[in-house]
Amino acid sequence: MKSAKQKAIGIFDSGIGGTTIWKEIKQLLPNENTIYLSDNKNAPYGQKSKEEIVRLSKKNTEYLLDNNCKIIVVACNTATTNAIKVLRQCYNVPFVGIEPAIKPAAIKTKTNIIGILATKGTLNSKLFETTSSNLESKPMIIEQIGEGLVDLIEKGKIHSKEMKLLLKKYLTPMINANADCIVLGCTHYPYLKKLIKNIVGDTIRIIDSGQAVATQTKKLLENHQLINSNEKECTTTHQFLFNGKSSILEDILTEYRNSITVEQKEF
Ligand code: DGL
């Protein structure tokens, strides 16, 4: 039987987006086992109702807990901003969530104008509203729903013409308004960083929350004495599960192919 420390870190997202968080966690915590759920049968979450996002988040959490996870990382801004409160109330396990990094952006901006690209579900959430209205420096925030971006990413169309056109449409108002920081408020979007940089140039900072989530995961594991410090890195397991017809998980994780397994499962 596995000891509490040897149990896996459970991570979920609507698709491949949370792998941007998984990569940070793997780097910071190389001795930890992980189970990653890509609920791509139900992607995207961004346009769904709060009730539906809560229901899907509970389903994913229960699957991870049934598979013996010691901590749950909600690697999805949409699920965090709509469901993490309920998850914390319902399950007796530590949760780490991800929210758009508007606080660090508000500190870094010189023009006091920041842009944020995120899903409708995140931008319309109560949690996002509270966080953004509580910023001390009261920056001007240009919100943009990234409609269509997650769909294209999940279809593997990251470098498509369609993607470039959408990004140009979404980012131009931020550039014109003199924003000097753009927050990527969806875990899928770091896969678009290069394309975004090509559009906005070098003077605008692109900010995401990946590292902060990994740091918070480590802190919580330490606080609960759940760090798996004794295990050798080569013996760790990293399971990736998806429930749609197919997934591009393997394509985007090729550099890790010797240390991970990718499988289709019902959940
Ligand atoms: N990757 C997710 C997020 O961070 C979900 C995007 C979606 O499914 O719409 O918001």
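Counting starts at 1 for both ligands and their atoms, in listed order.
- More than 12 heavy atoms of other residues, nucleotides or ligands shown are found within 6.0 angstrom of CD on Gln264.
- With ligand atoms numbered from 1 in the order given, ligand 1 contributes 1 (N), 2 (C), 5 (C) to contacts under 4.0 Å with heavy atoms of Asp13.
- At least one side-chain heavy atom of Leu56 sits under 4.5 Å from a side-chain heavy atom of Tyr45.
- For atom 9 (O) of ligand 1, the nearest protein heavy atom (residue, atom name, distance) is Gly46 N, 2.8 Å.
- Aromatic ring centres of Phe12 and Trp22 lie farther apart than the 6.0 Å criterion allows.
- Donor-acceptor pairing under 3.5 Å is recorded for the side chains of Thr109 and Asp180.
- Ligand 1 places these atoms under 4.0 Å from at least one heavy atom of Ser14: 5 (C), 6 (C), 7 (C), 8 (O).
- Each salt bridge (Lys or Arg N to Asp or Glu O under 4.0 Å) pair with one or both residues in residues 59-87, not counting sequence neighbours, appears once here: Glu32-Lys70, Asp39-Lys59.
- Residues Ser14 and Asn42 fail the side-chain proximity criterion, which asks for heavy atoms closer than 4.5 Å.
- The parts of Thr187 lying near ligand 1 are both backbone and side chain, judged by heavy-atom distances below 4.0 Å.
- Each of the atoms 3 (C), 5 (C), 10 (O) of ligand 1 lies under 4.0 Å from some heavy atom of Thr78.
- Listed by number with element, the atoms of ligand 1 under 4.0 Å from a non-hydrogen atom of Thr119 are 6 (C), 9 (O), 10 (O).
- Looking only at heavy atoms of the protein, atom 7 (C) of ligand 1 is closest to Tyr45 N, 3.3 Å.
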